[in-house]
Amino acid sequence: MRDLKHLIYFENLLQIANNELIINAKKEGRICAAYTCENVPEPLLNLGNAFSIRLFAPHTGSMDIATYYMTNLLCEPSRALLERAIEGGFNFADCVIAPDGCTMMNRCVENMELLHTMGAGNEHFFHQYMEIPLKGDENGVNLCRLQCTNHILKPLHEHYGIDISEESIRKAVEDHNEICRLIRAIGEFRKEQHPRITGYEFHVLTLATYVCPKYLIKDKLEETLEELKTREPDDRTWRARVLMAGSEVDDSGLIKLIEECGAYVCADRFCFGSFPGREPIALTEDEDALTQVCRHYTYMCQCPRMMNMEKVYGRKQYVADLAREYHADGIIYEQVKFCDPWAYERLLGSTMLRDDYGFPVLSVDRPYNIAASVGQMRTRIQAFVESIEIKKIKRGE
């Protein structure tokens with residue numbers, strides 16, 4: 001296929017946490033609100049002249065210093081973020097907001113605060129820790145609303161004078177929804193028999209929406225969508241179509257590796273992917289916007305920390321429905337090393353999707369930076385793709 005016009009531009013934005021768009025936004029006098037978990041209501045960090053940035057650590061190498069403070073039993077993303085913070089890689093942030101999605105990431109941010117890794121010279125800098133629901137119900141909505149008020153809205157207003165009015169929240173949701181609709185529209189092309197966008201390209205675009213100021217990439221996403229409408233797909237026939245489910249994928253090299261093995265990544269049900277992270281938020285006029293935003297995140301959430309049985313079983317149904325909608329032949333259930341919530345979810349999810357829903361499933365744990373385990377991962381993916389092909393032959397497909 002013809003190269004996407006802006007792909008290299010987006011790829012370059014993912015090479016460093018403090019990318020050029022963050023630098024440009026800061027020069028405009030905007031406030032950078034950093035966060036670490038998909039359970040933080042993203043639009044609330046984009047009020048007024050604030051913009052949200054999800055912390056990530058591209059090209060992670062040694063994590064020795066972070067391991068000294070956090071031990072080697074904690075997940076690699078939490079240690080990678082702390083290592084990068086100690087190196088000074090997140091000094092662009094004006095605040096850090098961390099929910100208790102898991103104790104490991106909380107411990108990471110606590111160490112950032114104790115070691116004074118960010119905010120030097122910024123008297124307004126603050127850390128905030130949120131308690132988030134364990135159940136998707138109205139009690140959870142009320143808890144989320146209270147926590148967002150106390151740990152996002154009030155601190156942003158008190159420290160930086162951010163407009164937290166009803167009008168400001170509705171405007172932020174409108175802007176958020178525009179990015180979501182663009183990503184979802186681009187992702188629709190993955191349903192085609194001969195897709196006109198690769199899973200790798202789609203992941204690069206989606207990841208950029210989390211780690212760059214959204215208002216500075218909107219125009220290029222719009223151009224990319226228009227470009228795809230007339231892009232001629234390759235005649236290539238993929239050996240298999242797979243859905244990826246699990247913890248965050250910050251390394252686009254993993255998606256590229258899978259597709260180099262002949263498996264097209266047709267859908268992404270992982271933290272900070274397009275499902276459910278880029279689901280537009282519907283607002284009505286009969287209730288305040290903050291409550292509706294919190295209800296959306298509480299009920300939409302597919303995080304394994306949600307423990308009511310409707311959520312536990314619903315997460316597997318959600319993956320199965322996506323796999324059917326995007327015509328997946330199999331599912332890769334992945335988990336970053338030492339991530340406890342996704343380790344339990346991966347065990348149950350991979351078993352149920354195989355036994356109850358009939359999908360071939362590859363269940364793997366992986367390093368945060370796939371470069372540390374390319375050979376082993378390639379072998380496992382190739383074997384999985386071959387097993388799918390054998391099943392197709394047996395079915396006469």
Side-chain angles (χ1 to χ4, degrees), residues 21-22 25 28 30-55 93-99 101 126 128 130-133 136 140-185 205-218 221-222 271-303:
L21 297 187
I22 295 176
E28 295 174 4
R30 291 180 174 261
I31 303 302
C32 177
Y35 68 107
T36 58
C37 176
E38 66 171 341
N39 290 293
V40 176
E42 210 176 345
L44 302 182
L45 306 184
N46 288 278
L47 304 176
N49 69 330
F51 66 94
S52 67
I53 292 295
R54 199 265 292 183
L55 296 181
D94 293 300
C95 63
V96 177
I97 298 171
F126 63 86
Q128 286 290 331
M130 295 173 58
E131 181 182 356
I132 53 177
V141 174
N142 293 333
L143 173 61
C144 183
R145 192 184 192 287
L146 177 65
Q147 294 293 305
C148 288
T149 299
N150 291 339
H151 299 289
I152 298 179
L153 300 184
K154 286 183 178 179
L156 283 175
H157 179 69
E158 292 170 357
H159 288 257
Y160 295 107
I162 300 297
D163 180 6
I164 60 173
S165 65
E166 173 78 6
E167 294 74 21
S168 180
I169 295 175
R170 287 184 177 273
K171 176 62 168 59
V173 171
E174 179 183 339
D175 294 340
H176 174 83
N177 285 347
E178 288 182 7
I179 297 297
C180 290
R181 292 188 183 104
L182 285 169
I183 289 296
R184 286 294 180 89
L205 298 177
T206 303
L207 182 57
T209 67
Y210 287 101
V211 301
C212 301
K214 295 177 183 57
Y215 73 99
L216 291 178
I217 61 173
K218 178 185 171 185
L221 290 174
E222 290 173 335
C271 299
F272 306 108
S274 65
F275 295 109
R278 288 294 169 247
E279 176 73 33
I281 302 171
L283 294 184
T284 63
E285 297 296 331
D286 57 357
E287 190 176 31
D288 66 278
L290 176 58
T291 299
Q292 294 181 74
V293 169
C294 292
R295 180 173 292 110
H296 172 86
Y297 275 83
T298 300
Y299 282 99
M300 172 202 71
C301 180
Q302 297 291 321
C303 178

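Between I53 and P213, some side-chain heavy-atom pair lies under the 4.5 Å cut-off. Considering only heavy atoms from C-beta on, L221 comes within 4.5 Å of T209 through its side chain. Counting heavy atoms from C-beta outward, L143 and I132 have side chains that stay 4.5 Å or more apart. Looking at N49 and I31, their side chains come closer than 4.5 Å, going by heavy atoms from C-beta outward. No side-chain heavy atom of D175 sits less than 4.5 Å from a side-chain heavy atom of K214. In this structure, Q292 and I281 have side chains that are not in contact, with every pair of non-hydrogen atoms separated by 4.5 Å or more. Under the 4.5 Å side-chain criterion, counting only non-hydrogen atoms from C-beta, E279 is not in contact with Y297. For the pair L290 and L44, the minimum side-chain heavy-atom distance is below 4.5 Å.
When atom types are taken as modelled, the side chain of Y210 and the backbone of S52 share no donor-acceptor pair closer than 3.5 angstrom. Q147 places a side-chain N or O within donor-acceptor distance of the main-chain N or O of E131, the cut-off being under 3.5 Å. No donor-acceptor pair closer than 3.5 Å links the side chain of E38 to the backbone N or O of G277. A donor-acceptor pair under 3.5 Å is formed between the side chain of Y160 and the backbone N or O of D94.
In the model, R278 has no side-chain atom that pairs as donor or acceptor with a side-chain atom of T206 under 3.5 Å.
By the 4.0 Å N-to-carboxylate-O rule, D288 lies close enough to R145 to be salt-bridged with it. Salt bridge E166/R170: present, at least one basic N to carboxylate O contact under 4.0 Å.
Paired with C144 under the rule side chain to side chain contact (heavy atoms under 4.5 Å, CB included), one option of P133, C301, P99 passes, and it is P133.
Ring pair H159/F126 is tilted by interplanar angle, where 30° to 60° counts as tilted.
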Could you go through R30 and Y215, starting from their C-alpha distance and side-chain angles, then the distance that decides it, and tell me whether this counts as side-chain contact (heavy atoms from CB on, under 4.5 Å)? CA-CA 12 Å; R30 291 180 174 261; Y215 73 99; 3.0 Å; yes
Can V40 and I152 be said to form a side-chain contact (heavy atoms from CB on, under 4.5 Å), step by step? CA-CA 9 Å; V40 176; I152 298 179; 4.1 Å; yes
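Expressed to the nearest 0.5 Å, how far CZ of F51 lies from CG of L21 amounts to 9.5 Å. How far CD of Q302 is from CZ of F275: 11.5 Å, rounded to the nearest 0.5 Å. To the nearest 0.5 Å, the span separating CG on L156 from CG on D163 amounts to 11.5 Å. The distance from the NZ atom of K218 to the CD atom of E178 is 3.5 Å, given to the nearest 0.5 Å. Interatomic distance, I169 CD1 to E174 CD, rounded to the nearest 0.5 Å: 14.0 Å. Taking CD1 of I183 as the reference point, atom OG of S274 lies at 7.5 Å (rounded to 0.5 Å).
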